[in-house]
Amino acid sequence: MRQEKSLQNIVVVVLAIAVLAMSVGFATYNQSLNINGTATFTAAVWDVHFDTTTFSETSTLKASPAPTVGNTSISYSVTLPQPGSTYSFTVNVKNYGTIDAALKKITMTGLTAAQAKYITHTVTYGGTTYTATTDNINTVLAASTHETATVTVTVSYVAPAEATDLPATDQQVNLNVQFDYVDANLNTGN
């Protein structure tokens with residue numbers, strides 16, 4: 001019996017040592033890793049507008065009074081006295097922001113079908129000429145380089161195919177061009 005009790009004590013001591021060894025071994029192989037960091041984000045700036053310092057009337061015919069040129073709009077009033085008269089101006093559009101801007105659409109309004117017989121209204125944007133509303137353009141002005149695009153607007157009084165298409169009275173036509181830009185990075189479709 002004594003021998004059995006002694007054997008039991010030895011077994012208990014061995015088991016206790018084994019449990020202790022396993023606990024120490026587990027603690028040795030159990031470890032947490034942590035990564036801590038700080039990220040700073042600068043403000044995103046959307047700023048696409050006309051570079052007013054680049055505006056110039058490029059035709060011999062000048063607007064009177066002088067055109068009003070602002071960051072987001074240009075207003076002009078010009079009289080075209082006879083067929084063959086043309087008025088045009090040029091200005092740059094510049095991306096002053098931190099977000100790439102994509103031109104998606106140019107909307108041109110103001111001409112009726114009858115007026116379109118003796119008036120042409122064109123917009124040249126970055127070398128491409130537009131004569132009517134156009135969408136799905138997708139021309140990007142990069143923010144990183146403050147990229148610019150040259151815009152030329154031209155309105156001409158032209159001789160129509162039929163003399164009867166000329167206006168019988170003075171006409172005032174309100175022409176409008178609108179440039180629609182979107183964030184080029186979010187632009188996923190046309």
Side-chain angles (χ1 to χ4, degrees), residues 46-97 100-142 145-184 186-190:
W46 178 264
D47 188 4
V48 177
H49 63 259
F50 294 118
D51 180 353
T52 59
T53 64
T54 64
F55 179 87
S56 66
E57 292 177 297
T58 52
S59 59
T60 55
L61 188 62
K62 303 297 181 197
S64 181
T68 304
V69 182
N71 285 343
T72 59
S73 67
I74 298 173
S75 298
Y76 65 93
S77 180
V78 65
T79 300
L80 302 174
Q82 74 264 346
S85 301
T86 296
Y87 174 72
S88 65
F89 65 85
T90 300
V91 66
N92 286 341
V93 173
K94 188 169 185 175
N95 187 349
Y96 290 90
D100 291 343
L103 175 65
K104 290 303 292 172
K105 183 176 184 180
I106 294 176
T107 304
M108 298 176 68
T109 58
L111 285 180
T112 65
Q115 292 166 335
K117 292 179 181 179
Y118 60 90
I119 297 173
T120 60
H121 183 220
T122 62
V123 174
T124 303
Y125 181 94
T128 302
T129 301
Y130 301 92
T131 58
T133 295
T134 307
D135 53 10
N136 301 323
I137 297 173
N138 206 30
T139 300
V140 176
L141 292 178
T145 59
H146 298 298
E147 191 170 9
T148 63
T150 301
V151 174
T152 301
V153 175
T154 304
V155 59
S156 298
Y157 187 175
V158 297
E162 300 291 326
T164 56
D165 289 332
L166 285 169
T169 60
D170 289 350
Q171 300 288 305
Q172 181 173 338
V173 180
N174 295 314
L175 302 171
N176 181 274
V177 179
Q178 178 178 315
F179 301 93
D180 293 326
Y181 290 90
V182 298
D183 180 341
L186 300 177
N187 182 24
T188 58
N190 290 328

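Any value given below was found using the heavy atoms of this structure, including those in side chains, with hydrogens, waters and symmetry copies removed.
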Value for OH (Tyr118) from CG (Leu111), rounded to nearest 0.5 Å, stands at 8.5 Å
Considering only heavy atoms from C-beta outward, does the side chain of Val151 approach that of Phe179 to under 4.5 Å? yes
Can you check whether Asn71 reaches Phe50 side chain to side chain, under 4.5 Å on heavy atoms? no
First locate atom CD1 of Ile119, then atom CG of Leu80, and finally report the distance between them rounded to the nearest 0.5 Å. 7.5 Å
Closest heavy-atom pair and its distance - Val48, Ala101: CG2-CB, 3.5 Å
I need the minimum non-hydrogen distance between Ser59 and Lys62, along with the two atoms involved. O-NZ, 2.7 Å
To the nearest 0.5 Å, tell me how far Thr58 OG1 sits from Tyr87 OH. 8.0 Å
Donor-acceptor pair, distance only, cut-off 3.5 Å: does the side chain of Thr133 make one with the backbone of Met108? yes
Min side-chain heavy-atom separation Pro67-Phe55 under 4.5 Å: yes
Atom OG1 of Thr164 and atom NZ of Lys117: how far apart are they, to the nearest 0.5 Å? 7.5 Å
Can you spot which of Thr53, Thr150, Asp51 makes a side chain to side chain donor-acceptor pair (under 3.5 Å) with Asn92? Thr150
Candidate pair Gln178 and Asn176, rule side-chain hydrogen bond (donor to acceptor under 3.5 Å, both in side chains), full reasoning: CA-CA 7 Å; Gln178 178 178 315; Asn176 181 274; over 6 Å; no
Treating Ser156 as the side-chain partner and Val158 as the backbone partner, does any N or O pair qualify as donor plus acceptor under 3.5 Å? no
Closest heavy-atom pair, His121 versus Val177, reported as atoms and distance to 0.1 Å, is CE1-CG2, 3.5 Å
Is any side-chain heavy atom of Val93 less than 4.5 Å from a side-chain heavy atom of Leu141? yes
Among side-chain atoms of Thr124 and Thr129, is any donor-acceptor pair under 3.5 angstrom? yes
Heavy-atom distance under 4.5 Å between the side chains of Lys94 and Asp47, does that happen here? no
Smallest separation among heavy atoms of Leu61 and Ser85, with atom names: CD2-CB, 4.4 Å
Measure from the side-chain N and O atoms of Ser88 to the backbone N and O of Thr154, and report whether any donor-acceptor pair falls under 3.5 Å. no
For side-chain contact (heavy atoms from CB on, under 4.5 Å), just list the numbers for Thr134 and Lys105, CA-CA rounded to whole Å, side-chain angles, deciding distance to a tenth of an Å, and then say yes or no. CA-CA 6 Å; Thr134 307; Lys105 183 176 184 180; over 6 Å; no
Taking the side chain as everything from C-beta on, heavy atoms only, tell me whether Val153 gets closer than 4.5 Å to Tyr76. yes
Atom CD of Gln82 with >12 non-hydrogen neighbours under 6.0 angstrom: yes
Interatomic spacing from CG in Leu103 to OH in Tyr125 - rounded to 0.5 Å: 4.5 Å
Measure across Ala102 and Asn138 and return the closest heavy-atom pair with its distance rounded to 0.1 Å. CB-OD1, 3.7 Å
Does some side-chain heavy atom of Thr90 sit less than 4.5 Å from a side-chain heavy atom of Thr54? no
Find out whether Leu166 and Tyr157 are in side-chain contact, i.e. whether some heavy atom of one side chain is under 4.5 Å from a heavy atom of the other. yes
